[in-house]
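Below is one structure, written out as structure tokens; the observations come after it.
What you see is a predicted model, and the numbers here were worked out from it, not measured in a lab. Proteins get letters first, then strands, A, B, ... in listed order; numbering begins at 1 in each.
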Amino acid sequence: MQAVSPYRDAVDIILEEGGDPLKLCYQCGLCSGICPWNLVRSFLVRRIMHEAQLGLVDFEAEEAWLCTTCRACVERCPRGVSIIDVMRATRRAIVGLGIGPVPDSLRITMKNISAMGNPLGEEREKRVDWAKGLEVKDFSEGTELLYFSCCLPAYDPRGQKIAQATASILKKVGVDFGIIGAEENCCGESVRKAGNEALFQSLVQSNTAVFSEKGVRRVLTTSPHCYHTFKNEYHELGGNFEVIHYTQYLAQLIQEGRLTFTKEINKRVTYHDPCYLGRHNGIYDEPRQVLQSIPGLELVEMPNYRENSLCCGGGGGRIWMETKKGERFSDLRIDQAIEAGAEVLATSCPYCITNFEDSVLTTGKSEALEIRDISELVQEVI
Amino acid sequence: MSMDERRIGVYICHCGSNIAGPVDVAEVTKFAAGLDSVVVARDYKFVCSDPGQELIKQDIKEHGLNRVVVASCSPRLHEATFRRVCQEAGLNPYLFEMANIREHCSWITEDHGEATEKAKALVNAAVRKVYYHEPLETKEVPVKPNVLIVGGGIAGSQAALEIADSEHQVYLVERTPSIGGHMAQLDKTFPTLDCSSCILTPKMSSVGSHPYIKLLTYSNVEEVSGYVGNFKVKIRKKARYVDEDKCTGCGVCMEKCPYKADSEFEAGLAKRKAIYIPFPQAVPNVPVIDRELCVYFKTGKCRACEKFCEAGAVNFEQEDQIVEVEVGAIILSTGYNAFDPSPITQYGYKRFDNVFTSLEFERLCSAVGPTSGKIVLKDGTEPESVAIIHCVGSRDENYHKYCSRVCCMYGLKFSHLIKEKTDAEVYQMYIDMRCFGKGYEEFYQRLSEEGVNFVRGKVAEVTDRTINEEEQGKLIVVAEDTLLGKIIRVPVDIVILCTALEPQPDAEDVARLFSVTRSADGFFLERHPKLDPVATTTDGVFVVGCCQGPKDIPDTVAQASAAAARALAMISKGKVEIEAATSVIDEELCAGCKTCIMLCPYSAISFDEEEKVSRINEALCKGCGVCAAACPGGAITSRHFTTEEITAEIEGVLV
């Protein structure tokens, strides 16, 4: 057997990159037991924490890139360890110091964002093509609300439907809102979790510059990821605007009586809590309130819901990486929805939508389960 | 030497290297020697040692010192020592002042230069303050030779017996209908496996019949006033609706009562009647009528118990009684509350039939419990396997950070009982096995020999979602076995949750009632964790057992005896010294605005309606100084902390 020795230099690197919380870990293994990866393959979070404590992390291993930052472990860690920060520290060390390989697809994504401001490498000018024909105005000084669509709904054909649905609802209600377009950049949330701090910082800089130049005070987001970073991370770097997730906004409009429904959806619907809306930001009720106010709609819950929601697999930059067949959490989630007797799996995150659409397609369950964003369901009944 | 001449001696302590490490004691001594009125200044390795004390005494005599300053540790540790030294040398103990150059100086910086400068400033402050000190006389007050004990579990019962055996009167107040507490609910006790009731009930019965113990069950303390040695306590003795003197304990009333409710004693696993005694060995063996549940109190009809009571003991007209007692000391032994694990939804408590808390499982094991001691599932079948989950709500930031100290051991005890009574496999799901007491490690070894399985890992989930044939119909316990480095799924029939011991839900109110403080975890705070573990910051009030923090029976009993000894020491001496540094009101200046009365945290100030002035009861006053600071007319002086003294002290720090 080969003995190992603690490697202080590696510990220092991880600590320097923000991995300080690892000192608290007392190796109970609760994180491993909760981590969704262990439903499909072995991923011992506890062991990684211990390796980090002793400087024995393998920076070249695939494991460095697995964590989806779903926060299930952090939510219940008995020592309150910010495990995600430790995972991110390892990635920062790899990306920043080049001490390990970055998965190809992720590398390309970062390059795209750096060059074109979006992960898909599409042209900046096409960022608001989705709004063609909808008569959405450009954001200008004095406009009440900026609608920040997120890159997937901006460019991806499936995602565009979400942006279009949201814009239609806002127009129908008569909300004073606008969009920015080519000057806008990806929010950078996933990039930060993937360890590219420098790129994240530059995205924050350019976005906040554009926002402040245009006089943006309030931002409405489609993606919980944009919501999360705008709300919790942009401020620490000088961003100064209010942010609201569209499900919160719709719930508010319904409560105020400004958004009313004229049609029914007579279907059984289950709701998937996106990690970044639920566990990361504690928003569980508003999406359900919106769904439950839709006439005819019956809301059913899956075994894992609210704080115990099962990640779709797309957080922490995983949405830009390939996940092997048989290892996709979204496949399990689809099964949970069908077992719960749902005809529709509703959610409120473009990453989740992408993964679920992919799963129903590849597992041949498109007939059994419809994947819909809440905005799309609402649009249907107004 | 005129009477007014100040002759101050200053002693700088090295405290080994504790102070002398960072602080240049020679320089501080030199500095002190140059201060106004300082006649002698010395540094010494340990001023608190006998030779150190002798040094001060000699100087007082030889140099005619009339003021002394010691610059060393916290006054909490040695103020009493040095005051005594002064007294022994014929100096009034209040002509002494202490400068804390350890906790407030040498321990909190690594900068030697700054430490030395701060030490000088503190010494300067103390010298200037002591200059103005006046001799004060300590007073003695007589002590009532009785003790109040609140809470009749094993802690309270033990303390009561210790004190009562010395023929001092004890008032033991218990809020439930019987004494016995949690220990009465336990089946066996670790590590000796004594039957819990067998060792407890003789004590309970002694308490019940002791001539020097006045037992007040089904009662609450409502009001506490007074001070150390002379507490006045108001106790509400709730109406039992059963005359204790007439009742023969025959139990026919309970047979006839038509109403059933969950039994608290059986942890909800069995029913009791609206008129009930909590358990067969209850002391006193007198039922109570649960007013909330009794059909008669709700509808005005029934009275079945009354009709069948041959002794004529049932009395629906009975009313709450207020009992007033005067005691010299108070012992709090209010115990703990068992953590409710339902918020940890992943463990399935209340969702799955066969997930039990440890207290529920104790009742399952008990020969007089709901299953007559058979360890069975809710459907009556015997388990093939059982998982015992440790640290449920303990060692967990989300619930309680502390270790509950007893779970590892009773977990092992459960394994033994399960092995003894069934053929089931037992799995201990633990994080760390903590078996630290006398005979505990040996017990751990014994259980290992009995073939218990140990899985190291905090359980993530208890689920009924099965993935294969073997798991069908079972509860699956999911965890990382951290020693295997694998996720393990253990199919079991029964899950036992080792729930945390937490402070009583009303701990905050009780703390306020008795003027004791609580630590961050919510338990009552002892005066010193090592050297004064049963006293509190309120003189004459002691804490024992689990109300002070989770502990096992041996520790609880030891603490109870310790508190009894402390209380006895006080009451057998018959008198107690009270603080001389109290506040005093200049009645010429007092305008009678009563501001001080409203602010005094010890209710030590009263108003003289005839003279229209406020008066301070020196026995109650703790010298906190709130009144002196607040008095708009400057009529109140806080002795030993006069404006003159404090101003001089502040100048000493700043100059």
When you look at A:S32 and B:I487, which way does the side-chain contact (heavy atoms from CB on, under 4.5 Å) test go after all the steps?
-> CA-CA 7 Å; A:S32 310; B:I487 303 296; 4.0 Å; yes
Are more than 12 heavy atoms from other residues, nucleotides or ligands located less than 6.0 Å from atom CD of A:E367?
-> no
Say whether, by atom type as modelled, one donor and one acceptor occur between the side chain of A:Y26 and the main chain of B:I431 under 3.5 angstrom.
-> no
A:K365 atom NZ, over 12 foreign heavy atoms within 6.0 Å | yes
Within a radius of less than 6.0 Å around NZ of A:K231, do more than 12 heavy atoms belonging to other residues, nucleotides or ligands occur?
-> no
Tell me, for A:C31 versus chain B, whether the close heavy atoms (under 4.5 Å) come from the side chain, the backbone, both or neither.
-> neither
Of the backbone (N, CA, C, O) and the side chain (C-beta and beyond), which part of A:Q27 lies under 4.5 Å from a heavy atom of chain B, both, or neither?
-> both
Tell me, do B:R465 and A:Q336 make a side-chain contact under 4.5 Å, heavy atoms counted?
-> yes
The interface call for B:K401 against chain A, heavy-atom contacts under 4.5 Å, is neither
Spatial distance of atom CG (B:N398) from atom SG (A:C77) [nearest 0.5 Å] | 8.0 Å
Report yes if the side chains of A:N308 and B:Q346 come closer than 4.5 Å at any heavy-atom pair, otherwise no.
-> yes
Rounded to the nearest 0.5 Å, how far apart are CG of B:D396 and CG of A:L30?
-> 8.0 Å
For A:Y305, does the OH atom have more than 12 heavy-atom neighbours from other residues, nucleotides or ligands under 6.0 Å away?
-> no
The interface call for B:T345 against chain A, heavy-atom contacts under 4.5 Å, is side chain
Decide salt bridge (Lys or Arg N to Asp or Glu O under 4.0 Å) for B:E397 and A:R76; before the verdict, give the C-alpha distance in whole Å, the side-chain angles of both, and the deciding distance to 0.1 Å.
-> CA-CA 9 Å; B:E397 294 261 340; A:R76 285 178 54 207; over 6 Å; no
Is there side-chain contact between B:K458 and A:P78, with heavy atoms separated by less than 4.5 Å?
-> yes
Residue B:E110 excluded, over 12 heavy atoms near CD under 6.0 Å | no
Heavy atoms of other groups near A:E301 CD, more than 12 under 6.0 Å = yes
Does the side chain of A:L44 come within less than 4.5 Å of B:E480's, by heavy atoms?
-> yes
